[in-house]
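Just so it is clear: chains get the letters A, B, ... in the order the sequence lines come, proteins before strands, and each one is counted from 1.
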Number of protein chains: 2
Amino acid sequence: MKKIYRIGVEATLEVIGGKWKPMILCYLGNGPIRTGELKRNLPKITSKMLTQQLRELESDQIISRKVYSQVPPKVEYALTEEGRTLRQLLVDMAEWGEHRVHERQAAGEEVELVHEEHDGYLNFAPITQDA
Amino acid sequence: MKKIYRIGVEATLEVIGGKWKPMILCYLGNGPIRTGELKRNLPKITSKMLTQQLRELESDQIISRKVYSQVPPKVEYALTEEGRTLRQLLVDMAEWGEHRVHERQAAGEEVELVHEEHDGYLNFAPITQDA
DNA sequence: CACAATTGTTTCCTTTTGGGCACTATAGCA
DNA sequence: TGCTATAGTGCCCAAAAGGAAACAATTGTG
């Protein structure tokens with residue numbers, strides 16, 4: 001079935017719009033990462049959702065999947081070239097969103113941002129914490 | 001209920017992530033526009049969805065709603081100051097998405113982009129066409 | 001033999017999102 | 001009186017997205 005987007009923005013949203021995709025891309029920004037590491041960093045994600053989101057990003061050619069022939073298994077995910085082109089956009093989106101949250105907080109609204117990105121980096125140290 | 005975002009990107013996505021919101025913001029980019037005009041430009045939208053998306057954008061303070069005391073009614077929507085801060089971001093997202101679609105097409109995939117944005121403008125002339 | 005470690009898959013369910021369609025209100029006009 | 005134009009509401013249903021929990025496969029180790 002032919003995919004039809006009305007405007008470019010929609011094509012972009014389809015790629016990064018999943019519930020866990022921005023978070024996953026954040027961690028991927030720090031370099032290749034194993035499944036289990038991701039899972040530990042995203043305590044509330046289920047196996048199903050994790051692999052589903054990863055599979056979608058992979059078939060969208062945003063990330064690559066490298067399987068090591070070992071037991072127990074070892075699989076590493078990494079940003080592809082195309083995935084890396086998302087970085088600046090994600091950084092900009094993060095900035096806009098952070099700015100917005102701060103304004104809303106200043107206006108007394110009940111909003112909170114758990115992780116903040118720093119220095120134009122989307123990444124953050126892989127601190128494990130529930131969120 | 002307190003809204004919690006894990007990272008800035010998620011706060012951004014909540015604002016622009018509705019099915020019709022990017023399109024609506026496109027048209028709004030050309031200046032104030034009446035409900036009926038929007039509807040004519042979005043042939044497939046239902047009244048319900050249109051007002052719902054507009055209400056959300058309004059309560060997010062992205063757009064303003066101006067009611068003229070007339071019969072039949074006249075209501076005009078326009079970008080707020082905060083809404084205007086979205087423009088560059090939307091333009092960037094549009095560019096990334098358009099670029100991506102072109103690449104996929106070059107790779108022989110079944111993808112199509114109905115409207116293209118031009119010259120760094122998110123806007124397009126309000127051509128009526130179904131999509 | 002039983003079990004741990006790792007990366008998944010499968011089935012079933014709940015929640016969220018979007019859509020269909022009938023209905024409302026009001027003033028002018030034929 | 002009945003019709004038009006405009007901007008909606010309300011109720012119910014369908015589709016999409018997300019989640020819980022059990023199960024699968026493999027090999028080294030106690």
Side-chain angles (χ1 to χ4, degrees), chain A residues 1 3-6 10 13-24 27-28 32-60 63-78 126 128 130-131, chain B residues 1 3-6 9-11 13-24 27-28 32-60 63-78 126 128 130-131:
Chain A
M1 239 298 271
K3 270 283 169 199
I4 294 186
Y5 304 103
R6 290 168 295 186
E10 296 187 344
L13 286 173
E14 184 163 286
V15 170
I16 62 173
K19 173 150 182 190
W20 301 91
K21 287 181 188 176
M23 290 291 286
I24 289 173
Y27 285 104
L28 270 277
I33 187 173
R34 294 186 57 178
T35 315
E37 258 182 290
L38 270 175
K39 211 167 171 185
R40 258 169 267 122
N41 283 306
L42 301 170
K44 308 234 172 109
I45 203 174
T46 60
S47 292
K48 191 195 111 178
M49 282 309 295
L50 180 56
T51 49
Q52 181 196 299
Q53 303 277 296
L54 289 169
R55 293 283 181 284
E56 289 176 13
L57 288 168
E58 192 194 356
S59 89
D60 284 341
I63 67 174
S64 61
R65 178 168 181 271
K66 183 172 178 185
V67 184
Y68 294 77
S69 295
Q70 302 183 355
V71 168
K74 172 177 175 182
V75 176
E76 247 180 21
Y77 294 93
T128 303
D130 36 7
Chain B
M1 239 296 271
K3 269 281 167 200
I4 296 185
Y5 304 103
R6 289 168 296 185
V9 181
E10 295 187 344
L13 285 174
E14 184 163 284
V15 171
I16 62 173
K19 173 148 180 189
W20 301 92
K21 287 180 187 176
M23 290 292 285
I24 288 173
Y27 286 105
L28 269 276
I33 187 172
R34 295 184 56 180
T35 316
E37 257 182 292
L38 269 175
K39 213 167 169 184
R40 259 170 267 123
N41 283 307
L42 302 169
K44 308 233 172 107
I45 204 175
T46 61
S47 292
K48 193 196 110 181
M49 282 309 293
L50 179 55
T51 48
Q52 182 197 299
Q53 302 277 296
L54 288 169
R55 293 282 180 286
E56 288 176 16
L57 288 168
E58 193 194 354
S59 89
D60 283 341
I63 67 174
S64 61
R65 178 169 181 269
K66 182 171 179 187
V67 183
Y68 293 78
S69 295
Q70 302 183 355
V71 167
K74 172 176 174 181
V75 176
E76 248 180 22
Y77 295 92
T128 302
D130 35 9

Verdict with reasoning, B:I33 to B:E76, per side-chain contact (heavy atoms from CB on, under 4.5 Å): CA-CA 5 Å; B:I33 187 172; B:E76 248 180 22; over 6 Å; no

Residue met sooner reading DNA chain C from 5', once A:R55 and A:V71 are mapped to nucleotides: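 The residue whose closest nucleotide sits nearer the 5' end is A:V71.
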
Intermediate values then yes/no, side-chain contact (heavy atoms from CB on, under 4.5 Å), B:L38 and B:L54: CA-CA 10 Å; B:L38 269 175; B:L54 288 169; 4.0 Å; yes

N or O in side chain of A:R65 less than 4.0 angstrom from C:dT7 OP1/OP2: no

A:T51 vs C:dT7: side-chain N/O to OP1/OP2 distance below 4.0 Å: no

N-O pairing of A:E14 and A:K3 below 4.0 Å: yes

Electrostatic pair A:K21-A:E56, nearest N-O below 4.0 angstrom: yes

Boundaries of the DNA chain D segment in contact with chain B, non-hydrogen, under 4.0 Å: D:dA5 to D:dC11

A:K39 versus A:I45, closest heavy-atom pair with distance: CG-CG2, 4.2 Å

Closest contact, heavy atoms only, B:W20 versus B:K44: CH2-C, 3.9 Å

Touch class at under 4.0 angstrom, heavy-atom based, for A:Y77 against every strand present: sugar-phosphate

Touch class at under 4.0 angstrom, heavy-atom based, for A:S47 against every strand present: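 Base, at least one base atom sits under 4.0 Å.
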
Step-by-step side-chain contact (heavy atoms from CB on, under 4.5 Å) determination, B:L13 to A:L13: CA-CA 8 Å; B:L13 285 174; A:L13 286 173; 3.4 Å; yes

Rounded distance (Å) that lies between atom C1' of C:dT7 and atom CG of A:L50: 9 Å

The helix from C:dC1-D:dG30 to C:dA30-D:dT1: angle between end helix axes, five pairs per end, rounded to 10 degrees: 40°

Check: A:R6 main-chain N/O paired with A:E10 side-chain donor or acceptor under 3.5 Å: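 Yes: the side chain of A:E10 pairs with the backbone of A:R6.
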
B:R34 side chain reached by B:Y68 side chain, heavy atoms, under 4.5 Å: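 Side-chain contact under 4.5 Å: no.
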
Could you list, one pair per line, each protein nitrogen or oxygen that sits under 3.5 Å from a nitrogen or oxygen of nucleotides 17-19 of chain C, together with the distance?
unit_1	atom_1	unit_2	atom_2	d
C:dG18	OP1	B:K19	N	3.1
C:dG19	OP1	B:K19	NZ	2.7
C:dG19	OP2	B:W20	NE1	3.1
C:dG19	N7	B:K48	NZ	2.7
C:dG19	O6	B:K48	NZ	2.1

A:K66, A:R65, A:E37, A:E58 screened by side-chain hydrogen bond (donor to acceptor under 3.5 Å, both in side chains) with A:Y77, the one that passes: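 Passing option: A:R65.
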
side-chain contact (heavy atoms from CB on, under 4.5 Å) between B:I63 and B:I24, worked out: CA-CA 10 Å; B:I63 67 174; B:I24 288 173; 5.6 Å; no

